[in-house]
Amino acid sequence: MAVQAIDEPRTLRLRRGGRSSRAGGHAWIARQWALWSRMLTPLRPLDAPRGRATVWDASWPLRREPTSVRQARRLVTGQLAHWGLGHLAETAELLVSETVTNALRHTRGPLRLNLRLCGSRLLCEVEDTESDGPVRGDVDLDAEGGRGTELLDLLADAWGSVRTATGKTIWFELRDGKAGRGEPAG
């Protein structure tokens with residue numbers, strides 16, 4: 001009995017209704033690549049900036065010491081002034097101070113502060129190496145701490161926590177109420 005070789009096509013073709021759909025196959029591959037590309041890129045350690053800084057994106061590693069809270073406030077107010085968003089500085093400074101303080105108190109390992117301006121939204125992120133998210137607790141009226149999530153609820157337009165491959169990111173968003181943002185000063 002002779003074995004007959006079957007010539008297989010070089011490209012996989014999806015058939016829908018008897019018609020070949022190469023575009024459908026390419027779209028599927030593109031979607032899969034987009035979903036997995038973040039997982040395939042090398043992780044940047046938190047003791048380094050997130051990536052290449054752009055005009056509307058800034059990132060700074062923070063040391064595990066109490067002076068990092070003051071440094072984070074200075075970095076945020078300076079960057080917002082550079083972007084012409086000084087009117088958001090007071091709120092952003094308070095919320096950054098709170099999120100960095102919580103990261104220093106409740107996590108171990110390096111921290112990173114990221115700011116990104118997307119249209120009229122300011123996104124601020126504090127990355128750490130602990131995967132557990134923030135815990136909302138009952139706080140006594142005379143307690144000195146424990147109101148971080150309440151401050152985020154009151155002052156941020158949106159906030160949350162996202163698990164990452166290296167731990168988690170606590171983020172908050174402030175919207176710029178002024179229309180028509182120009183180029184950064186300077």
Side-chain angles (χ1 to χ4, degrees), residues 26-62 68-104 107 110-131 133-134 136 147-186:
H26 293 299
W28 181 84
I29 291 170
R31 283 192 308 273
Q32 292 301 313
W33 177 253
L35 291 171
W36 285 98
S37 65
R38 198 165 189 190
M39 296 301 292
L40 297 174
T41 57
L43 296 175
R44 298 217 20 111
L46 293 181
D47 56 355
R50 178 175 51 204
R52 228 161 132 189
T54 64
V55 175
W56 304 111
D57 191 23
S59 178
W60 306 275
L62 298 173
S68 291
V69 177
R70 180 178 52 211
Q71 178 191 13
R73 286 192 306 256
R74 271 197 323 258
L75 290 167
V76 166
T77 55
Q79 188 65 51
L80 291 179
H82 178 72
W83 285 340
L85 295 171
H87 57 282
L88 294 178
E90 188 175 322
T91 304
E93 185 179 8
L94 175 62
L95 294 177
V96 163
S97 179
E98 186 62 37
T99 54
V100 170
T101 298
N102 285 344
L104 287 170
T107 67
L111 306 171
R112 183 168 46 215
L113 171 64
N114 306 313
L115 288 179
R116 184 177 315 133
L117 195 55
C118 303
S120 64
R121 300 173 321 162
L122 171 68
L123 177 66
C124 179
E125 302 172 328
V126 177
E127 296 179 81
D128 62 52
T129 57
E130 178 65 41
S131 61
R136 187 182 300 264
R147 293 185 183 86
T149 55
E150 290 178 21
L151 284 173
L152 286 165
D153 283 340
L154 289 171
L155 300 175
D157 292 306
W159 74 275
S161 175
V162 177
R163 282 189 176 184
T164 64
T166 57
K168 75 170 171 306
T169 299
I170 301 288
W171 61 270
F172 67 86
E173 185 178 282
L174 299 174
R175 295 197 186 271
D176 181 11
K178 294 184 177 181
R181 178 176 45 79
E183 292 298 317

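When reading the values below, keep in mind they use all heavy atoms of this one structure, side chains included, and skip hydrogens, waters and symmetry mates. Note that the structure is predicted; figures quoted are calculated from it, not measured.
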[atom1]-[atom2] distance between [X] and [Y], expressed to the nearest 0.5 angstrom:
X	Y	atom1	atom2	value
Cys124	Gln79	SG	CD	11.0 Å
Glu125	Lys168	CD	NZ	13.0 Å
Arg175	Ser120	CZ	OG	6.0 Å
Leu113	Asp128	CG	CG	12.5 Å

Does the side chain of [X] reach to within under 4.5 Å of the side chain of [Y], using non-hydrogen atoms?
X	Y	value
His82	Leu80	no
Thr99	Trp171	no
Leu94	Leu155	yes
Val96	Val69	no
Glu98	Leu152	no
Asp176	His87	yes

Mind listing the closest non-hydrogen atom pair of [X] and [Y] along with its distance?
X	Y	result
Leu88	Leu174	O-CD1, 4.3 Å
Pro110	Thr129	CD-CG2, 3.9 Å
Thr107	Glu130	CG2-CB, 3.4 Å

Look only at the side chain of Asn114 and the backbone of Ser59, and say whether a donor-acceptor pair between them is shorter than 3.5 Å. no
_No-hydrogen, no-angle side-chain donor-acceptor test under 3.5 Å, Arg73 and Ser97_ = yes
- Item | Polar side chain donor-acceptor pair, Asp153 to Trp159, under 3.5 angstrom | yes
Would one find more than 12 heavy atoms of other residues, nucleotides or ligands at under 6.0 Å from atom CD of Glu90?
no
* Asked: Can you check side-chain contact (heavy atoms from CB on, under 4.5 Å) on Leu117 and Leu123, steps first, answer last?
  -> CA-CA 6 Å; Leu117 195 55; Leu123 177 66; over 6 Å; no
Tested for side-chain contact (heavy atoms from CB on, under 4.5 Å) against Phe172, the lone hit among Leu95, Leu151, Val126 is Leu95
Item to complete: Applying side-chain contact (heavy atoms from CB on, under 4.5 Å), run through Leu115 and Asp57 and close with a yes or a no.
Response: CA-CA 6 Å; Leu115 288 179; Asp57 191 23; over 6 Å; no
